[in-house]
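First comes the structure, then the notes that go with it.
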Amino acid sequence: MPDDLPAIELVHATKRYGDTVALDDVSMRIAPGEFYCLLGPSGCGKTTTLNLIGGFVPLTSGELRIEGQQVNDLPPHKRNVNTVFQNYALFPHMSVARNVAFGLEMDGVKGPEVERRVDEYLELVGLLALKDRLPQQLSGGQQQRVALARALVKRPAVLLLDEPLGALDLKLRKQMQVELARIHRQVRTTFVFVTHDQGEALSMATRIAVMDAGRIAQEGTPQEIYYQPADRFVADFIGESNFVAGRPSQGTDGPVLELASGERVALPAATASLATGEEATVMVRPECVDVGLEPPPGPGWAVIRGRAIGVSFLGDLTRVTVVTAAGEVVASRPHAERSRAAALGSLLDEEVSVWWSTAESIVIRQG
Amino acid sequence: MTAQAGGPVPGLPAEAHAGSRGAALGRLWPFGPAAAVLLFLFFIPLAIVFVYSFWTVQNLQLIPTWTLQNYLKFFQTDTYIRTFLKTIIMAVLVTAAGIGMAFPFAYFLARYVSTRWQRVLLLAVIIPFWSSYLVRVYAWQAILGEKGALNWLLMQVGLISEPLTIFLYNDVGVFIVLTYVYFPFAALSLYSSLEKFDFTQLTAAQDLGATPLRAMRRILLPQVRPGFITAMIFVFIPIIGEYLTPTLVGGTKGVLIGNLIVNFYRGGAFPAMAAASFIIAAFIILLLVLFRRYLQLDDVVTKL
């Protein structure tokens, strides 16, 4: 973390609704200019966190600072943060330009300055040509852009985005992800983005906080979250995972995981410190797993035997599901050549091996 | 939705829009009964009354004289003018009080109450319509009278030691009862408008720097204006013609223009009655024209 003042700082923040704890002693620091993603299933506390920062719900205990200032009791209209709402909440009786101008007028900005800034931010989101339209004359994606311009035009310290892409169809959502990332680079405002869509979080965020049951399960860059999940919950929630459980022990070529069947699966050398005899789980991503009739020779591979019970051709890749002594393992293989797809297809119902480089194994806590 | 203009209307048989006059008339027949009712029970009686307003009465006989005397007399008689003005003031006050109470009620209902309870509370507002207007107004006599429930309550609480007579048989009584009678109209009109409003907009307005009050004024009010206009029309206009409530709880002091018209009628002064009626009608039409000009009556009509 950089040393300068964080844009947002939560210190032991707790929010209770009656007996329900929505946010449980959460602390976080969001640096200026970050694209910070709150990611988690519904009810994990991510929207509560956003509402706390926006000032729409009060903290039960703890502290919230915006640019170093404690703002626990500051009402929403006095906070230097603006929100893009899930349903956009555009004002239907005002034109696009008047919608964007609203926040400036509330701040007492007057005359040509209002027009200049409205134009500037409508230009930023690519909607300058539609400034005189009414919101209901715009498509969902365009309404989304108006909401963005309306919030950004006030140049807030932090822009809050509450699942803003949720209402858009898949193709538009992908476009808006690229667009949001561009706008973020251009305005350099701190973005705090709430989503339950891991793809959105991974593609746009500079940092992600994975939340679960009112707590932060893990915080880190998209790559850290993806490749070094802190626990089973995170590994399960982000992307797809294979879990292999067994007891660690010392094999001839280094540490191994002994499966219930007696099979021994090589572990990365660095995991030698795992307590022998205790149950441990190894996670590996499907795209790291290869599958075939025979494993490659040599050390450095974790290998399990099994039977291929499912082969799905997905165009750019094939997914092979293999039943092993450690449960189902999925291998997701890209097709560099089309012959590869046919080769994978022929594995159905065969006795096969799945294998992966031990470097791709991640020993995880049971979450 | 207008893209289909000129083309065949989907869902209608081909002959229906063939353009022949017979076919067009054939389509209009369902209007027949309603048109007949409107013609015979509204327009023709109205025309008769309109004609009467230019006639005179001598020895209880109507004489077709074609004079404006009846109208002039109305405007030259102090009592008539005062009663008319009082009626307008009463209508304004009741409309204000009705909307003043109905708005918080409808706002709370639409914003904070679950759909299920919204239905229950709306039903509670509608239930009075299931009983006779007359019965409800009589009930108010029992509440507001000298030995009525209100006086009993005030004495029990100890606020007064002697029963008060200020609630009944005067303008106060008329105001209270009219406010009660017209509250549901105001509440339902406002509710139907507020119920469609997306309240996140108020949150968004505050997020953008508006105080809660400003958010309400700049964002909510312009969007629920049709509801307000509907409420005003449904409350203000019927009160101008109110007759029963002032008769029952107004006594001699609480007379409104409607009572005056009935008195003309009973006294056989049909021309005076007709002229007063048309003065009221003209006033209301004038108001509606103004509303239409400045307050987008079209919206109201579509909302109804």
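When reading the values below, keep in mind they use all heavy atoms of this one structure, side chains included, and skip hydrogens, waters and symmetry mates.
Between Thr200(B) and Tyr88(A), the closest side-chain pair of non-hydrogen atoms is not below 4.5 Å. Met106(A) places none of its side-chain heavy atoms less than 4.5 Å from the side chain of Thr211(B). With a 4.5 Å cut-off on side-chain heavy atoms, Arg150(A) and Leu208(B) count as touching. With a 4.5 Å cut-off on side-chain heavy atoms, Pro92(A) and Gln223(B) count as touching.
Of residues 136-149 of chain A, not one residue has a non-hydrogen atom less than 4.5 Å from any non-hydrogen atom of chain B.
Judged as a ring pair (Phe, Tyr, Trp, His ring centres under 6.0 Å), and not counting sequence neighbours, the contacts of His184(A) are Phe35(A), Phe191(A).
Around the CG atom of Leu123(B), the shell of radius 6.0 Å holds more than 12 heavy atoms that belong to other residues, nucleotides or ligands. More than 12 heavy atoms of other residues, nucleotides or ligands shown are found within 6.0 angstrom of CD on Glu63(A). Taking a 6.0 Å sphere around CZ of Arg182(A), one finds it holds more than 12 heavy atoms contributed by other residues, nucleotides or ligands.
Contacts of Leu90(A) with chain B are made by backbone atoms alone, with heavy-atom separations under 4.5 Å and no side-chain atom involved. Contact annotation for Phe91(A): both backbone and side-chain heavy atoms come within less than 4.5 Å of a heavy atom of chain B. In this structure, chain A has no heavy atom under 4.5 Å from any part of Ala215(B).
The two residues Asp198(B) and Asn87(A) come nearest to each other via the heavy atoms OD2-ND2, 3.1 Å.
Atoms CD and CZ, on Gln201(B) and Phe85(A) in that order, are 10.5 Å from each other to the nearest 0.5 Å. From Thr203(B), atom OG1 reaches atom NE2 of His77(A) across 13.5 Å, with rounding to the nearest 0.5 Å.
The closest donor-acceptor contact from the side chain of Asp207(B) to the backbone of Thr83(A) lies under 3.5 Å.
Listed by first and then second residue, the salt bridge (Lys or Arg N to Asp or Glu O under 4.0 Å) pairs involving residues 103-112 of chain A are Arg98(A)-Glu105(A), Glu105(A)-Arg218(B), Asp107(A)-Lys154(A) (not counting sequence neighbours).
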Please table the atom pairs, donor to acceptor, closer than 3.5 Å between any side-chain atom in residues 121-128 of chain A and protein atoms at least two apart or in another chain.
residue: Tyr121(A); atom: OH; partner: Arg155(A); partner atom: NE; Å: 3.2

